[in-house]
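The structure appears right after this line, and notes come after that.
Start at 1 and go down the list; that is how both ligands and their atoms are numbered.
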Amino acid sequence: MKIAIMGAMPEEIAPILEQLGEYTTTQYAGNNYYEASYKGVELVIAYSKIGKVFSTLTSATMIEHFGAQKLLFSGVAGAISPTLKVGDLLVATKLSQHDLDITAFGHPFGYVPEGAVYVEADRELITLSQKVALSMNKTLQEGIIATGDQFVANEERKNWIGTTFGADALEMEGASVAVVCDALNVPFFILRAISDAADMDASFSFDAFLETSAKESAAFVMKMVDAIIEQNV
Ligand code: SAH
């Protein structure tokens, strides 16, 4: 089995590469892909660079070129739900693109013909993640993630995204990765640790908590890999 572990920024995959210690590096399509054997499975790891386009390229490459059969995303996000605080973990149940807008033609936000407003994440991996959370004595919230090519640092925009999509958190890569995995029939799991509240203090909070929140998320994703291997999911 080959599992992809993906982030958007170097900080999001650094803890994973550090834990693995040894890996090979392959350059492909303008990016580095790190490969390692781990407890009898193959891992391919990469950070895509920020945003929907780069994350689409990287996730598709991990599947089509490197042969990944499952994809786990680890990263940070801005909170919309007031129950999410910095450092808290959220797994996406479904994802939407908040900046996709052809509403002028009478379509809902996030929709284009032959697409869907939401892409559902893999239920089996979410169920497994709750077992992992229990074994780590951690709380893992489930919720909707909204994705767009914007760093949201604005209460009004954040609230609009929350209301329009019922979203609990927002970030810049999840929904595009979801579209790719869904189209290619690869089960996927999008995990985010909160780095900020997408409000006017967001960039300061992000800078202060990126590293610690990215580590929280990465540690959990590696426990997910262990659980996938142990429970043969
Ligand atoms: N500090 C970076 C830019 C970070 S962009 C630089 O200067 O280069 C924010 C990244 O974290 C994206 O990958 C996104 O997925 C996630 N993220 C965290 N908080 C966010 C927010 N409030 N709005 C949008 N994305 C957010």
Side-chain angles (χ1 to χ4, degrees), residues 4-16 30-32 45-59 62 71-101 109-110 119 121 141 143-181 188-218 220-221:
I5 306 175
M6 181 178 165
M9 297 171 283
E11 292 85 352
E12 290 170 331
I13 66 158
I16 291 160
N31 208 358
N32 284 336
I45 301 140
Y47 73 88
S48 57
K49 300 188 276 287
I50 294 162
K52 292 196 295 180
V53 174
F54 283 129
S55 57
T56 298
L57 174 61
T58 297
S59 51
M62 288 172 127
L71 189 148
L72 312 179
F73 191 104
S74 179
V76 300
I80 300 176
S81 164
T83 65
L84 285 168
K85 305 290 179 217
V86 166
D88 287 355
L89 291 169
L90 175 80
V91 56
T93 50
K94 56 183 185 173
L95 304 99
S96 191
Q97 299 179 61
H98 67 71
D99 58 351
L100 189 55
D101 178 359
F109 285 102
V119 179
Q141 295 195 41
I144 297 174
I145 288 183
T147 301
D149 284 327
Q150 301 166 346
F151 182 81
V152 178
N154 175 313
E155 202 91 36
E156 203 181 318
R157 177 75 189 156
K158 155 183 150 166
N159 290 336
W160 180 86
I161 294 169
T163 310
T164 308
F165 296 93
D168 299 290
L170 54 85
E171 35 84 312
M172 302 178 68
E173 299 83 16
S176 39
V177 172
V179 168
V180 168
C181 292
F188 67 95
F189 178 77
I190 311 275
L191 181 75
R192 296 280 179 168
I194 299 303
S195 56
D196 58 86
D199 54 12
M200 78 189 214
D201 297 325
S203 60
F204 305 105
S205 178
F206 177 92
D207 284 340
F209 298 111
L210 166 62
E211 207 171 306
T212 47
S213 292
K215 272 189 191 154
E216 276 290 318
S217 178
F220 192 94
V221 157

Whether the side chain of Lys215 engages the backbone of Pro15 through a donor-acceptor N/O pair (distance < 3.5 Å, no angle test) should be reported. no
Within a reach of under 6.0 Å around OH of Tyr47, are more than 12 heavy atoms found that belong to other residues, nucleotides or ligands? no
Do ligand 1 and Val152 have nitrogen or oxygen atoms that lie under 3.5 Å from each other? yes
Ala77 and Leu170 have their tightest heavy-atom pair at CB-O, 3.4 Å
Which bit of Leu210 gets closer than 4.0 Å to ligand 1, counting heavy atoms only: side chain, backbone, both or neither? neither
Does the N or O separation between Met172 and ligand 1 drop below 3.5 Å for any pair? yes
Does Gln97 use its side chain to pair, donor to acceptor, with the backbone of Gly148 at less than 3.5 Å? no
Can you find a side-chain donor-acceptor pair between Ser195 and Ser213 that sits under 3.5 Å? no
Using the six-membered ring wherever Trp is involved, compare the ring planes of Phe109 and Trp160 and label them parallel, tilted or perpendicular (cut-offs 30° and 60°). perpendicular
Ile190 side chain near Glu171 side chain, heavy-atom distance below 4.5 Å: yes
Show the atoms of ligand 1 that are less than 4.0 angstrom away from any heavy atom in Ala198. 22 (N)
Distance under 4.0 Å to a non-hydrogen atom of Ser195: what atoms of ligand 1 satisfy this? 18 (C), 19 (N)
For Ala8, the atoms of ligand 1 under 4.0 Å from one of its heavy atoms are 13 (O)
What protein heavy atom sits nearest atom 11 (O) of ligand 1, and how far off is it? Phe206 CE1, 3.2 Å
Using a 4.0 Å cutoff against the non-hydrogen atoms of Asp196, which atoms of ligand 1 qualify? 18 (C), 19 (N), 20 (C), 21 (C), 22 (N)
Which bit of Val76 is near ligand 1, meaning a heavy atom under 4.0 Å away: side chain, backbone, both or neither? both
Taking distance alone, with N or O pairs closer than 3.5 Å, would you say Glu171 contacts ligand 1? no
Numbered in order shown, the ligand 1 atoms found under 4.0 Å of a heavy atom of Leu170 are 21 (C), 22 (N), 23 (N), 24 (C)
Taking the side chain as every heavy atom from C-beta outward, state whether Asp201 and Asp196 have any atom pair closer than 4.5 Å. no
Under 4.0 Å, heavy atoms only, figure out whether ligand 1 is touched by the backbone of Gln150, its side chain, both or neither. backbone
Any side-chain donor-acceptor pair under 3.5 Å between Ser217 and Ser74? yes
Quick one: does any side-chain atom of Thr58 pair with a main-chain N or O of Phe54 as donor and acceptor, under 3.5 Å? yes
Given side chain to side chain contact (heavy atoms under 4.5 Å, CB included), test Asp99 with Lys52 step by step and report yes or no. CA-CA 10 Å; Asp99 58 351; Lys52 292 196 295 180; 2.7 Å; yes
Ligand 1 contact by Ala77, heavy-atom criterion under 4.0 angstrom: yes
Which protein non-hydrogen atom lies closest to atom 10 (C) of ligand 1, naming both residue and atom, and how far is it? Met9 CE, 3.6 Å
Assess, by modelled atom type and distance only, whether the side chains of Gln141 and Thr83 contain a donor and an acceptor separated by less than 3.5 Å. yes
Please report whether atom 23 (N) of ligand 1 has a protein non-hydrogen atom at a separation of less than 4.0 Å. yes
Starting from atom 13 (O) of ligand 1, locate the nearest protein heavy atom and write down its residue, its atom name and how far away it is, to 0.1 Å. Glu173 OE2, 2.7 Å
Note the single closest protein heavy atom to atom 6 (C) of ligand 1, along with its residue, its atom name and the distance in Å. Ile50 CD1, 4.7 Å
Any non-hydrogen protein atom below 4.0 Å of atom 18 (C) of ligand 1? yes
Under 4.0 Å from ligand 1, counting heavy atoms only, is it the side chain of Arg192, its backbone, both or neither? side chain
Starting from atom 20 (C) of ligand 1, locate the nearest protein heavy atom and write down its residue, its atom name and how far away it is, to 0.1 Å. Phe151 CE1, 3.4 Å
